[in-house]
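Data first, discussion second: the structure below is written as structure tokens.
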Amino acid sequence: MRVLLTCFDAFGGAQLNASFEAVQLVPDHIHGAEIIKITVPTIFQQSLTCIAEAMDIHQPDIVLSIGVGRCALGIEIERVGINWTDARIPDNAGQQPIDEPIRVDGPCAYFSTLPIKAMVDSIQAVDIPVYVSYTAGTFVCNQVLYGVLDMIAQSQKNIRAAFIHVPCLPEQATDEAEVLSLSAVTSARAIEIAISTAVQTRVDVKSLGGTLS
Ligand code: PCA
């Protein structure tokens, strides 16, 4: 089995991207699966072109994309990618699409196809804060989640995919009360466990994880 593991470069004036720092620490083999790591530019269209090329070359069974969620209160395993872009800041090419669909004639949303509840449960078991998230935002991470699931749907290939947001690094944590940080080592451990669970689990578990607003 082959897993394409993607992360992003730094964006929005930051020097580092926690997703990049964590992915570099993930082992190259997990539970018999080969892990292929790529860094994609935080640019709306190019991020997807770059992942599409890597999918063509490596023919992965699983695509797991990682990004930093600056307001994340733990590891966020994303359930849904929406067909919408509403960029609060410009991407690394200076593009800032506001209120535009990702694909004009595409479905409104796609759900992740990896066993996200099982992934949450196994990360929780080692006491790393983690939860299912029902929004991947409206910036490049959501574009990647939606776009990868859309590419897979259109190709009709049997590839499973999901997206994980990791919190910022301790050295990037601000004084905002609602922000949590995790070391790259801890986020890497969570990603490794998520992959190990995804490789071994076909049918997701039904465990508690929803939210009340
Ligand atoms: N986080 C951004 C894009 C790149 C990244 O790491 C996001 O949440 O959309």
Side-chain angles (χ1 to χ4, degrees), residues 4-26 37-52 54 63-103 106 109-112 116 129-151 161-174 176 178-188 190-191 194-195:
L4 180 64
L5 180 61
T6 82
C7 60
F8 288 100
D9 60 2
F11 67 99
Q15 299 297 312
L16 299 170
N17 187 316
S19 71
F20 174 87
E21 304 301 323
V23 161
Q24 307 320 304
L25 303 178
V26 173
K37 303 169 189 172
I38 61 163
T39 304
V40 308
T42 306
I43 298 178
F44 279 99
Q45 198 44 50
Q46 263 171 266
S47 55
L48 279 176
T49 315
C50 180
I51 295 173
V63 180
L64 181 62
S65 300
I66 316 291
V68 65
R70 287 177 172 171
C71 298
L73 299 172
I75 302 288
E76 296 183 328
I77 317 255
E78 301 295 346
R79 167 76 79 191
V80 57
I82 59 171
N83 188 11
W84 204 249
T85 302
D86 190 1
R88 227 177 136 98
I89 56 168
D91 68 11
N92 282 350
Q95 299 161 342
Q96 191 169 5
I98 293 175
D99 293 343
E100 288 177 20
I102 294 170
R103 181 158 76 81
Y110 283 104
F111 288 126
S112 302
I116 62 172
V130 57
Y131 51 92
V132 172
S133 158
Y134 287 87
T135 171
T138 53
F139 194 50
V140 183
C141 288
N142 175 71
Q143 165 119 355
V144 159
L145 176 56
Y146 181 89
V148 167
L149 289 165
D150 189 48
M151 284 191 275
F163 194 102
I164 295 180
H165 270 114
V166 297
C168 63
L169 299 163
E171 58 266 42
Q172 296 179 305
T174 61
E176 289 170 49
E178 288 291 294
V179 170
L180 177 115
S181 66
L182 284 181
S183 71
V185 171
T186 304
S187 289
I191 296 165
I195 292 173

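Here the structure is a predicted model, which means the values were calculated and not measured. Note that ligands are numbered from 1 as they come in the structure, with each ligand's atoms numbered from 1 the same way.
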Report summary line: For G67, the atoms of ligand 1 under 4.0 Å from one of its heavy atoms are 6 (O)
Report task. Would you check the N or O atoms of N17, main chain and side chain alike, for any that come under 3.5 Å of an N or O of ligand 1? Result -> yes
**Report entry** Minimum heavy-atom distance V132-R79, with the two atoms named
**Finding:** CG1-CB, 4.2 Å
Query raised in the report: Looking at residues at least two apart in the chain, or sitting in another chain, which of them share a side chain to side chain donor-acceptor pair (under 3.5 Å) with N17?
Result: S19
**Report entry** For T42, the ligand 1 atoms whose distance to one of its heavy atoms is below 4.0 Å
**Finding:** 3 (C), 4 (C)
Query raised in the report: Can you list the atoms of ligand 1 that are under 4.0 Å from a heavy atom of V140?
Result: 9 (O)
Query raised in the report: So is C141 polar-close to ligand 1, meaning N/O to N/O under 3.5 Å?
Result: yes
**Report entry** 4.5 Å side-chain heavy-atom contact, I75 and V166
**Finding:** yes
**Report entry** Heteroatom proximity flag, V68 to ligand 1, N/O under 3.5 Å
**Finding:** yes
Report task. Flag the pair I43 / V140 as yes when at least one side-chain heavy-atom distance between them is below 4.5 Å, and no otherwise. Result -> no
Query raised in the report: Do the non-hydrogen side-chain atoms of I89 and F11 ever get within less than 4.5 Å of each other?
Result: yes
Query raised in the report: Are any of the N/O atoms in H165 less than 3.5 Å from those in ligand 1?
Result: yes
Query raised in the report: Does a donor on one side chain and an acceptor on the other come within less than 3.5 Å for T42 and D91?
Result: no
